[in-house]
There are 2 protein chains.
Amino acid sequence: MPTTPDQKLWARTRQAVHAEVARTAMSLFLERGFEATTIDDIAAAAGISRRSFFRYFGTKEDIVLGDLAARGELIRKELEARPATEDAWTALLNALRHTPRPGQDDATTLQISKMLYGTPSLRARSLEKHLQWQALLTPEIRRRLGVAPDDEHDLRADAIVACVLTCLDVAGEAWTRSDGSQSLEDLVLTAVAAVRGSAADA
Amino acid sequence: MPTTPDQKLWARTRQAVHAEVARTAMSLFLERGFEATTIDDIAAAAGISRRSFFRYFGTKEDIVLGDLAARGELIRKELEARPATEDAWTALLNALRHTPRPGQDDATTLQISKMLYGTPSLRARSLEKHLQWQALLTPEIRRRLGVAPDDEHDLRADAIVACVLTCLDVAGEAWTRSDGSQSLEDLVLTAVAAVRGSAADA
DNA sequence: GACCGATTGACACTCAGTGCCAGAGAGGCT
DNA sequence: AGCCTCTCTGGCACTGAGTGTCAATCGGTC
């Protein structure tokens, strides 16, 4: 196995349990709603103890948003791989576009998005994740701006990264409102264009 | 009394208690930290019951952020009063600038800001408040863009408002990081200029 | 088989937030 | 004054999230 050179058994089972609990929980969420589903419900449905649940997920929100942390890392990698000829905005947008999304069918994605934008605690956590992405992506943008990657004095990179993520968020909300009838990519570009005053070249 | 044409007694006492509890709680927060202060602590220090506390504040975070909701309304009024000659960005920035901030001395403001940016649950709530501001300000910006104020199909106004607030947030964080050594206003303008690609005229 | 390390479930605990209820005051009406 | 009503209040019990602890267990290694 190229990916897993024979990891410890429990590392694999742990991963399997993690995925299984997440799967069970998500179907409960989509069935009765996020807030109406308690952790006891999830633990019971997944066949583990309440206490063990918290060994796999720090919070209930992490079931839905846990992937986002890993995704931020992927975006960072993609961003660093962007050619140096691309300016900050273009590089960010392309990095976001080319980072693979977790593979779900569109109907499920839409359902999850509706849950996400409609549940305050989830929305809050998702915004926090964006802050993490921000911290992850800012150094590379600073580099592209010709600033030292750890220069916290210059807030231009922070502003750019934050606004791109904000545009992504606004576009995501519009996409959800429109029941996914429009292309998310187009919506993001529209948002960015509105902010920058002219059409953004991709 | 021009402002209060003899309100009911309990309306006034209620306001007084609200302010007193908030004052007491804030001093506890600044003394021992937000998370280390329980609601029982606050209730005991303020001389009310735990149950009554929740009749004045929905959550612990509301003590710190409660004003923000009212402030959003003030900003909206200010925004609508901006001359029609100002474009969306200028109007937004001026509205933010001209809305009076709650009067505290700078040292206290900085201390509160540090608490705000350093406490996850407070940060999350503060981002949620920004979402409320967004919903409040977007209709007027749509109007300035020549779109029907309730046209949810056009996300340009949403993007602009969201990004201005994001810039405000980024600037606020930088201001806090720098111990308030730089002017918040300048920081906001720097952030906006970085996003828009050129200096914003105020 | 014996040892080591990670995992597990059970129990107890803290803290935020809510529902319910009975009592106390203020104000209005007769 | 007496009565009625409305609100505020405190107390109690409850749910639900999240954490600390501990003894038991199970996989893997020597």
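Keep in mind that what you see is a predicted model, and the values were worked out from it rather than measured. So that the names make sense, note that chain A is the first sequence line, chain B the second, and so on, each numbered from 1.
Protein atom CG of A:D41 is 8 Å distant from nucleotide atom P of D:dA17, rounded to whole Å. Look at CD1 on B:I42: it is 12 Å from P on C:dC15, rounded to the nearest Å. Taking atom CG on A:D40 and atom P on D:dC14, their separation rounds to 16 Å, with Å as the unit. Spacing between atom CD1 of B:I39 and atom C1' of D:dG10 amounts to 16 Å, rounded to whole angstrom units. Residue B:K60 contributes atom NZ, which lies 16 Å from atom P of C:dT14 at whole-angstrom precision. Computed from coordinates, the B:F34 CZ to C:dC15 P distance equals 14 Å when rounded to whole Å. Remark: P of D:dT15 and CZ of B:F54 are 17 Å apart, rounded to the nearest angstrom. Between the CZ atom of A:R32 and the P atom of D:dG16 there is a distance of 11 Å, rounded to whole Å.
Salt-bridge annotation for A:R125 and A:D62: absent, with no side-chain N of the basic residue lying under 4.0 Å from a carboxylate O of the acidic one. A salt bridge does not link B:D151 to B:R143: none of the charged side-chain nitrogens sits closer than 4.0 Å to a carboxylate oxygen. Look at B:E152 and A:R177 and you find a salt bridge, because one of the NZ, NE, NH1 or NH2 atoms lies within 4.0 Å of a carboxylate O, short of that distance.
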- [ ] Sugar-phosphate atoms are those with a prime plus P, OP1 and OP2; base atoms are the rest. Using that split, label each nucleotide of nucleotides 3-12 of chain C B, S or - for protein heavy atoms under 4.0 Å, 5' to 3'.
- [x] ---SSBBBB-
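Sorted pairs that involve residues 155-190 of chain B and meet ring-ring contact (aromatic ring centres under 6.0 Å, His included), not counting sequence neighbours, are lacking altogether.
Not counting sequence neighbours, the partners of B:H18 by the ring pair (Phe, Tyr, Trp, His ring centres under 6.0 Å) test are B:F57.
Using a 4.5 Å cut-off on side-chain heavy atoms (C-beta onward), B:D87 and B:R144 make no contact.
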